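So the structure is just underneath, and the comments pick up after that.
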Amino acid sequence: MTTKSEMTSKIFTALADPTRRRLLGLIAEKGQATATTLSNEVTVSRQAVVKHLIFLKEADLVSNNRQGREVRYTVRPQQLDETAKWMANLAKDWDKKLEALKLQAESAKSD
């Protein structure tokens with residue numbers, strides 16, 4: 001079983017690669033896509049696209065569905081939503097800390 005922390009790491013690692021981000025964006029635009037259709041829109045081979053898609057699937061950012069001989073990929077927005085919420089909460093915490101630091105610095109300046 002993968003912990004939340006491990007899954008978050010997988011998501012950030014998956015999104016760190018520009019090709020995977022591009023593939024994820026293309027799938028989101030199209031609603032669903034195959035490795036073959038995606039390989040026509042990026043500068044890497046179909047085999048490389050498949051490897052990137054496997055990585056995205058392991059990070060639970062996409063799901064796949066076999067239809068005959070084709071495997072179609074779709075975006076799983078839940079993981080992206082949860083990651084965005086985590087980042088927003090982290091940003092709020094930093095904002096609070098920075099505001100407290102600002103108030104402390106202003107207080108010290110006026111003394």
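Since we're looking at a predicted model, the values are computed, not measured. Heavy-atom basis, side chains included; hydrogens, waters and symmetry copies ignored. Residue numbers run from 1 in the order of the sequence given.
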Which distance, rounded to the nearest 0.5 Å, do you find between the [atom1] of [X] and the [atom2] of [Y]?
X	Y	atom1	atom2	answer
Thr83	Gln78	OG1	CD	10.0 Å
Leu38	Thr19	CG	OG1	11.5 Å
Thr37	Gln32	OG1	CD	9.0 Å

Heavy-atom distance under 4.5 Å between the side chains of [X] and [Y], does that happen here?
X	Y	value
Thr74	Asn65	no
Val42	Leu26	yes
Leu53	Lys57	no
Gln47	Val50	no

Residue pairs, two or more places apart or on separate chains, that pass salt bridge (Lys or Arg N to Asp or Glu O under 4.0 Å) and touch [range]:
range	value
residues 12-37	Lys30-Glu41
residues 44-56	none
residues 66-82	Lys4-Glu82, Asp60-Arg76, Glu70-Arg72

Do [X] and [Y] land in one hydrophobic cluster if side-chain heavy atoms of ILVMFWY residues count as linked below 4.5 Å?
X	Y	value
Ile54	Val71	no
Phe12	Trp94	yes
Leu15	Leu23	yes
Leu80	Val62	yes
Leu24	Val44	yes

What are the two closest heavy atoms between [X] and [Y], and how far apart are they?
X	Y	answer
Ala35	Val49	O-CG1, 3.8 Å
Ser39	Ser45	CB-C, 4.3 Å
Val75	Ala28	CG2-N, 3.6 Å
Ala33	Ile27	CB-CG1, 4.3 Å

Heavy-atom donor-acceptor pair, Ser107 side chain to Leu103 backbone, under 3.5 Å: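 Absent.
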
Enclosure of Gln67 CD (heavy-atom neighbours >12, cutoff 6.0 Å):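 Atom CD in Gln67 is packed in, count exceeds 12.
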
